[in-house]
Amino acid sequence: MKTTEKIGCGLLLTALLAFDVWGGDRLPAYKDAQRPVEERVEDLLQRMTLEEKVLQLNQYTLGRNDNVNNMADPVGDIPGEIGSLIYFGTSPELRNRLQYRAVEETRLGIPILFAFDVIHGFRTICPIPLAQACSWNPELVKKAAGVAARESSMSGVDWTFAPMIDVARDGRWGRVSEGYGEDPYANAVYCAAAVQGFQGDNLAEGPRMAACLKHYVGYGASEGGRDYVYTEVSRQTLWDTYLPPYESGVEAGALTVMSSFNDISGVPGSANPYTLTEVLKKRWKHDGFVVSDWGAIQQLRSQGVAADCAEAALKSFNAGLDMDMMNRCYDAHLADLVRAGKVSQERLDDAVRRVLRVKFRLGLFEHPYTPESTEEERFLRPEDLAVAEQLAAESMVLLKNEHNLLPIEKARRIAVIGPMAKSRFHLLGSWAAHGSGEDVESIFMGLEREFAGRAELSYAFGCGFDGEDTTGFAEAVSVARAADVVVLCLGEKANWSGENASRSTIALPAIQERLAREVAQCGKPVVLLLTSGRPLELCRLEPLSAAILQVWQPGVRGGAPAAGILSGRINPSGRLAITFPYATGQIPIYYNHRQSARPHQGKYQDIPSTPLYEFGHGLCYTTFSYGEPVVSCETFRRGDRITVEVDVTNTGSRDGAETVFWFVSDPVCRISRPVKELRHFEKRLLRSGETGRFRFEINPERDLAFVDEDGNRFLEPGDYYILVKDRKVKLTLVE
Ligand code: GLC
């Protein structure tokens with residue numbers, strides 16, 4: 001009998017059991033979909049042996065592992081009782097074969113949970129999350145997550161290791177590309193949007209996949225921007241900076257959390273009872289489960305807190321880490337640790353209960369198999385490509401536009417130069433799952449289509465991404481001289497950011513800057529178009545460029561929106577979610593820093609102390625004027641609600657989308673607070689001449705309060721300021 005026939009029989013048997021044709025007493029409670037999840041969990045748990053429980057707490061891999069940072073021997077004969085598998089396939093057949101082994105050929109028939117890193121798309125690759133954060137459009141981010149969930153779940157994936165919500169302020173750290181920038185509130189809002197998009201409205205029916213909040217916690221504080229290293233994070237900073245996105249994700253219903261590699265001030269994130277149990281499970285009452293990062297348990301040895309894998313397993317498990325991702329520690333030692341009384345039966349059952357609960361919630365017992373489908377049915381649908389293109393358009397940030405060079409309307413000859421001009425694969429960025437360069441529309445392709453019949457394009461490669469080869473300069477100079485305007489496409493390779501991709505400088509390689517100088521000397525206006533997974537050091541490139549457009553790594557459909565912005569078809573609306581330092585030496589530099597003892601002293605002697613482009617920066621092709629903010633009441637008492645409104649007028653000749661950022665400032669507090677903190681934002685299209693009223697509904701306990709080192713929020717009497725654009729209003733709490 002072929003596997004598909006077996007699966008058919010399995011489906012029939014599952015259906016018959018579900019319809020209980022042999023009388024209710026024969027259907028075990030855990031297989032009865034009519035019963036509450038918690039009842040099914042308890043029924044199944046008490047049927048399980050110690051060995052079956054331990055296997056549910058392990059994750060192996062299935063398929064060809066192409067993650068160069070995590071090469072390990074695959075487990076040969078995968079037991080059907082395994083809890084989860086990282087699935088590298090792009091169609092459900094292999095997944096269904098293993099699922100058949102679990103459901104039909106094991107004693108209890110517990111389905112396997114199949115996972116994969118779907119960070120910004122499965123095959124329809126959207127912009128990297130750092131770019132998405134610059135769209136200030138959480139609804140669109142949610143939609144993109146929904147596209148990823150559909151393609152993934154149709155391919156056999158039930159669980160993604162996303163969203164990554166590590167607040168990051170050091171562009172040297174390659175993983176800054178994977179999160180939503182430097183601000184805790186922005187990461188919290190985008191986290192909730194991504195969780196809702198991934199998990200959908202109906203967990204049990206799909207298309208959906210379990211979300212995973214990662215990397216819990218403080219990974220973005222990696223010392224020196226190096227990866228996998230020590231992070232010095234005080235309890236105060238843990239609560240006011242790194243934990244808020246995770247609390248938001250738990251509130252949004254994320255089913256899982258991934259523990260981090262980093263050592264959190266001496267206690268690694270993967271063996272940290274305070275974060276894993278006290279905060280996540282007791283304070284926030286998260287009832288899903290925690291999976292380790294790849295190898296993070298056995299890495300406790302190199303971090304100096306475990307002598308061997310048995311001790312690593314003991315420390316991680318008792319700290320609250322439920323599932324072992326490819327450490328081979330829990331499968332090897334957990335049963336013995338339980339038998340030796342070092343791990344309690346209660347703690348073991350708690351972890352297994354959490355894993356089973358997620359599987360029941362995902363409907364895996366009722367729908368263990370993924371229906372077969374064609375690639376055309378699964379991938380790259382026009383409506384999904386449209387989402388990717390819209391998000392790319394809204395993520396791009398116009399950093400500079402001297403003398404309104406853009407949009408290009410009169411030029412008849414456009415020279416397109418540089419290593420990124422025709423690159424396709426590198427526009428996908430890191431963690432591009434099953435994305436293919438063949439699917440990508442390059443910048444040049446977008447420009448060709450956009451300016452067809454309006455301008456003549458010429459092209460020169462100019463130089464490579466790095467290296468010393470200047471043989472392409474002459475041709476670049478030649479096409480620049482013959483053109484009216486130059487579009488210089490520079491940037492990073494996809495693997496220069498992401499995991500294990502730290503760089504000592506955020507400047508582009510010297511060869512690219514040399515090309516820019518050669519081209520600039522031709523005297524033609526230069527539009528610098530940048531592709532990167534991190535903020536870049538532009539202090540030498542900025543003076544050479546009349547305009548600068550940061551396109552990030554826009555995914556499969558970046559060419560058209562980039563060209564559309566250059567032509568004026570699209571009015572750019574992106575605003576930076578991360579600061580662009582003037583130079584690497586300023587790092588860390590971010591907008592929500594605490595106050596200095598001497599704000600007007602202590603500056604660098606050799607470079608400016610302000611960033612080149614600050615958080616929230618972004619230009620467009622129209623102008624907006626802000627009225628004076630109006631507050632519903634200037635003094636308030638605890639429990640009151642306050643409304644602040646501001647009128648914004650599009651005073652330009654073009655329709656455009658404006659993002660209004662609302663910040664809170666509390667200049668005097670028992671704990672020194674950041675100079676300002678983002679607490680609300682709203683993006684809205686305003687027609688030319690239109691005035692829109694933007695409102696911030698303030699709940700003081702939520703929006704004005706601060707948090708202390710024990711995670712307790714507090715609201716002190718006194719003055720607070722609400723900042724919007726360059727205006728502010730004072731609010732006073734009176735007892
Ligand atoms: C990696 C990453 C993590 C990823 C996991 C599985 O090392 O740190 O983000 O989800 O392993 O690939």
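In listed order, ligands and their atoms are each counted from 1.
- Near Asn67, with a cut-off below 4.0 Å to any heavy atom, the atoms of ligand 1 are 12 (O).
- Proximity of the aromatic rings of Tyr246 and Tyr216 is defined here by a centroid distance below 6.0 angstrom, and this criterion is met.
- One side chain, Glu537 or Thr584, offers a donor N or O that lies under 3.5 Å from an acceptor on the other.
- Counting heavy atoms closer than 4.0 Å to ligand 1, residue Arg175 contributes side-chain atoms (C-beta onward) but none from N, CA, C or O.
- Looking only at heavy atoms of the protein, atom 9 (O) of ligand 1 is closest to His215 NE2, 2.6 Å.
- Only the side chain of Lys214 comes within 4.0 Å of ligand 1, counting heavy atoms alone; its backbone N, CA, C and O stay farther away.
- Closest protein heavy atom to atom 8 (O) of ligand 1: Asp293 OD2, 2.6 Å.
- Residue contacts with ligand 1 for Glu178 are absent, since no atom lies close enough (heavy atoms, distance under 4.0 Å).
- Inspection of the Asn495 and Ser430 side chains reveals no N or O donor paired with an N or O acceptor under 3.5 Å.
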| request: For Gln303 and Asp263, run side chain to side chain donor-acceptor pair (under 3.5 Å): C-alpha distance rounded to whole Å, both residues' side-chain angles, the deciding distance at 0.1 Å, then the answer. | output: CA-CA 7 Å; Gln303 287 174 304; Asp263 175 325; 5.2 Å; no

| request: Go through Lys315 and Glu311 one step at a time and tell me if the salt bridge (Lys or Arg N to Asp or Glu O under 4.0 Å) criterion holds. | output: CA-CA 6 Å; Lys315 290 199 168 178; Glu311 186 179 15; 3.7 Å; yes

| task | Give the intermediate values and the outcome of salt bridge (Lys or Arg N to Asp or Glu O under 4.0 Å) for residues Asp439 and Arg123. | result | CA-CA 9 Å; Asp439 303 333; Arg123 172 70 186 273; 2.6 Å; yes

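- Close approach of ligand 1 to Trp294 is summarised as follows: ligand atoms under 4.0 Å from at least one heavy atom of the residue are 11 (O).
- Of all atoms in ligand 1, numbered sequentially from 1 with element shown, those under 4.0 Å from a heavy atom of Phe261 are 7 (O), 8 (O).
- In summary, the aromatic rings of Phe289 and Trp159 are positioned with their centroids under 6.0 Å apart.
- Any N or O atom pair closer than 3.5 Å counts here, and Asp117 shares at least one such pair with ligand 1.
- Between the side chains of Asn500 and Asp227, no donor-acceptor pair is found at a separation under 3.5 Å.
- A donor-acceptor pair shorter than 3.5 Å can be found between the side chains of Thr579 and Glu182.
- Contact annotation for Ile86 and ligand 1: no heavy atom of the residue comes within less than 4.0 Å of the ligand.
- Residue Trp431 has no N or O atom closer than 3.5 Å to an N or O atom of ligand 1.
- Residue, atom and distance of the protein heavy atom nearest to atom 7 (O) of ligand 1 are Glu499 OE2, 3.0 Å.
- Which parts of ligand 1 touch Asn70 is read off a 4.0 Å heavy-atom cut-off, strictly below it: atoms 1 (C), 7 (O), 11 (O), 12 (O).
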